[in-house]
Amino acid sequence: MKNVSIDTITQAFLDYCGDDTDPRTMFVLQKMVEHMHAFAKETELTHAEWARGLKFLTDAGKITDDERNEFVLISDVTGMSSLVDMIGSQHGGTSSSVLGPFHSVGAPLLPVGGDLKKDNDGTTVVIEGHVRDIDGNPVEGAVIELWQTAENGLYYSQDGGQDDFNLCCSMKTGPDGRYAMTTVKPAPYKVPDDGPVGELFRATGRTPWRPSHLHFIVQADGLKSLVTEVFANGDPYLDKDAVFGVRSDLIMDYVETSDLDALPDDLEVGRDVTLPYYKVDFDFTLVSEPN
Ligand code: BEZ
Ligand code: FE
């Protein structure tokens, strides 16, 4: 098409696309280009501003490798990851939250009551709860994966001083749907801010911090898999999570106690916990798989 104008360029783009384009692809592409063109018109975008935006993406490409994906981080810190997550999630179950970049496949399977703390520094946390379906029935054989930072705020994959799969495990719930483990309290964590995302944070006065959290994936036959995070009540960053992952039902109390009689009796460590220790109770509710 010749002589496109500000008013016709969006339609001109659409006219270039073939009739046999997959309908969903076409719809998503159409909406994306419509919004991009509207954005440029609304902001009266200058060449210099658009070039700055392209440099941001180019820099993201340069810093991205097999270990680090700046584009995923851009999606996280602009709220896109959380938005897509919320659009796709069903109501009624435990809220989902961002996966983040530090999930490792293949964490060791521990029995219910297993110990993750081992010789990690920090106060013992005893976390236990049940996996249930939306009707409240216990889910036997649900597979729970947990991963978290150590007390220094680093995941094992970021820290040569930690063993592989340190503070990561999977666990299968028993007939009563119960899980339990001992671990340590994770520390608040700063998303990587040494790349373009860091520049974005500094340019906009934002904090790169995330409140301390435990990551979970919970999967069971016939139920929708849940990717979520559990946060600590009172954490200073709950209201300014850099990646918008906090939901009220995911905030839990770390209850400090020295009551050894309150320990579950199936802990691998028995009564060998720090005193005081923290007790955390958190139940997961899984919704049915959509038909
Ligand atoms: C995290 O939970 O560790 C994380 C999540 C999103 C972006 C970066 C880090
Ligand atoms: Fe995390």
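Just follow the structure's listing: the first ligand is 1, and inside any ligand the first atom is 1. Only heavy atoms go into these numbers, but all of them, side chains included; no hydrogens, no water, no symmetry mates.
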May I ask you to check whether Q148 and T183 show a side-chain donor-acceptor distance below 3.5 Å? yes
Among residues at least two apart in sequence or on other chains, which ones pass side-chain contact (heavy atoms from CB on, under 4.5 Å) with K190? D193, P208, W209
Measuring centre to centre across the rings, with the benzene-like ring taken for any Trp, is H215 within less than 6.0 Å of H213? yes
Name the atoms and distances for all side-chain donor-acceptor pairs under 3.5 Å in residues 238-246, with sequence neighbours left out.
from : atom 1 : to   : atom 2 : distance (Å)
D241 : OD1    : R210 : NE     : 2.8
D241 : OD1    : V243 : N      : 3.2
D241 : OD2    : R210 : NH2    : 2.8
D241 : OD2    : G245 : N      : 2.7

Pairwise side-chain contact, I134 with L286, heavy-atom cut-off 4.5 Å (strictly under): no
Kindly indicate whether the side chain of S81, heavy atoms from C-beta on, has any atom under 4.5 Å from the side chain of S75. yes
Give the numbers and elements of all ligand 1 atoms closer than 4.0 Å to a heavy atom of [X].
X: V243; result: 6 (C), 7 (C)
X: L73; result: 7 (C), 8 (C)
X: Y155; result: 1 (C), 2 (O), 3 (O)
X: F102; result: 3 (O)
X: H215; result: 1 (C), 2 (O), 3 (O)

Listing request: all ring pair (Phe, Tyr, Trp, His ring centres under 6.0 Å) pairs with a residue in residues 93-145, at least two apart in sequence or in separate chains. F102-Y155, F102-Y189, H103-W147
Cation-pi geometry met for K185 and Y278 (6.0 Å, 45°): yes
Should we count CZ of F27 as having more than 12 external heavy atoms under 6.0 Å? no
For [atom], what is the nearest protein heavy atom, given as residue, atom name and distance?
atom: atom 6 (C) of ligand 1; result: D76 OD2, 3.2 Å
atom: atom 5 (C) of ligand 1; result: G100 CA, 3.5 Å
atom: atom 4 (C) of ligand 1; result: P101 CD, 3.5 Å

Rounded at 0.5 Å granularity, tell me how far CG in D59 sits from CD1 in I63. 8.5 Å
What protein N/O/S atoms are there under 2.8 Å from the Fe ion (ligand 2), waters excluded? Y155 OH, H213 NE2, H215 NE2
Nearest-option assignment for atom 1 (C) of ligand 1, heavy atoms, candidates R210, E229, K190: R210
